[in-house]
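Both counts, for ligands and for their atoms, begin at 1 and track the order of listing.
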Amino acid sequence: MRQIAILGATGSIGGSTLDVIAQHPDRFRASVLTAHRNVAALAELCARHQPQLAIIADPALEAELARRLAAAGVRCEVASGMDAIAAAAAGSLCDTVVAAIVGAAGLDSSLAAARAGKRLLLANKESIVMAGPLLLEALRVGGGELIPVDSEHNAIFQCLPGGRPDLAKSGVRRLLLTASGGPFRGRTRAQLSDVTPDQACKHPKWSMGRKISVDSATLMNKGLEVIEAHHLFSAPVEAIEVLVHPQSMVHSLVEYVDGSVLAQLGNPDMRTALAHALAWPERVSSGVAPLDLAAAEPLHFEPPDLATFRCLALAFQALREGGDAPAILNAANEVAVEAFLAGALPFLSIADVVESVLTELPAQAVVDIQTLGERDRAARTAARRVLRNAC
Ligand code: NDP
């Protein structure tokens, strides 16, 4: 029986994970559930899944969570704060951690799980983008394993022998990351000047949280995934290519030197990747409908439009720059996306903010987590200043 901590249980990935877990009560148990401020949703999930521990990140809401759980007759421990989430990720109540907090807020708990040797099911791509070498070192020291949940990386993991081998020795030539293209595929810059947050969050194929939905619309999501693939699979930047594929059925591909190209296909539903990662190396059902290729629309592929969707080009630039440039990129993007979602920044200016901050803060070597935290804060301060000047 796997004991699973779901960090970010009230989110889109959290909900899909709990759906798969509930289908296999003989194999999986949700032992720890966490949320940020959505205390009502967390209490409801606790009533349904009966974890041993519920944690609300905002300490001001701990008493309310306890009150709601008591009223619903749910008997589980209650805690609050980010330190409690990191402690639970490393603690004895779980052997598996689903890292599904959004943004840099997920870094400490991802690191804690890695250090403690847990099986880390990584959805929180921001942690590996920010701190790739530190997270991989923590995994090595902890002796646990990382199974990627991001559908593209999960697909590549499935197409590689042994999951994450030395690419050069395995005869891999290229990793081809597919991208849906988001809701604005095919639009010109002029057509993007006044798009709204709701339009940006209306993804044609995937149902996701608002931050990753905006990242998908700008293609920053694909940029973060390029950086994620670089770290997860030790792939040089020249060996990673992005291919726009609007049907979102081919989740990514691996090209070998003999010309073979292996792909993983499936309906666009995160429960497939989650079921794979939860049960690996076995397979369990996920509840996802079978893929009907004969009835499916034709599969289309095209190169990304880097001139319109500049965030993807900026992510490649940050990866080439190396050091902590990806962490700077990520922090600036988080601030810019928050401003866009709040109606305080035009869609096209997200890339401008990220570019300004990358220029202002040239890359430094990644030394340790404290220094990285300082650089993350410096990038956020710089991004907020750029925002103020732009308004
Ligand atoms: P959601 O916005 O739907 O959910 C985010 C979760 O994190 C919620 O449980 C939220 O709690 C919690 N949370 C938010 N901020 C904090 C914080 N500061 N401290 C602690 N907890 C916090 O996001 P998604 O599920 O869409 O995405 C989660 C992660 O998975 C992201 O990194 C995303 O890039 C990645 N991912 C998502 C995919 C998807 O299909 N959705 C696909 C691949 C990767 P609350 O509800 O209380 O706010």
Pairs involving residues 287-329, ordered by first then second residue, that meet ring pair (Phe, Tyr, Trp, His ring centres under 6.0 Å) (sequence neighbours left out): His245-Phe301
From CA spacing to verdict: salt bridge (Lys or Arg N to Asp or Glu O under 4.0 Å), Lys202, Asp198: CA-CA 6 Å; Lys202 212 161 173 254; Asp198 283 346; over 6 Å; no
Those protein residues which place at least one heavy atom below 4.0 Å from ligand 1: Gly8, Ala9, Thr10, Gly11, Ser12, Ile13, Ala35, His36, Arg37, Asn38, Ala57, Met82, Ala100, Ile101, Val102, Ala105, Ala123, Asn124, Lys125, Glu126, Asp150, Met208, Gly209, Ile212, Met270
Sequence neighbours excluded - salt bridge (Lys or Arg N to Asp or Glu O under 4.0 Å) pairs with any residue from residues 30-46: Arg37-Asp58, Glu44-Arg48
Cationic N near anionic O, under 4.0 Å, Glu225 to Lys222: yes
Which residues share a salt bridge (charged side-chain N to carboxylate O under 4.0 Å, His left out) with Glu321, sequence neighbours left out: none
OG on Ser109 to CD1 on Ile101, rounded to 0.5 Å: 4.0 Å
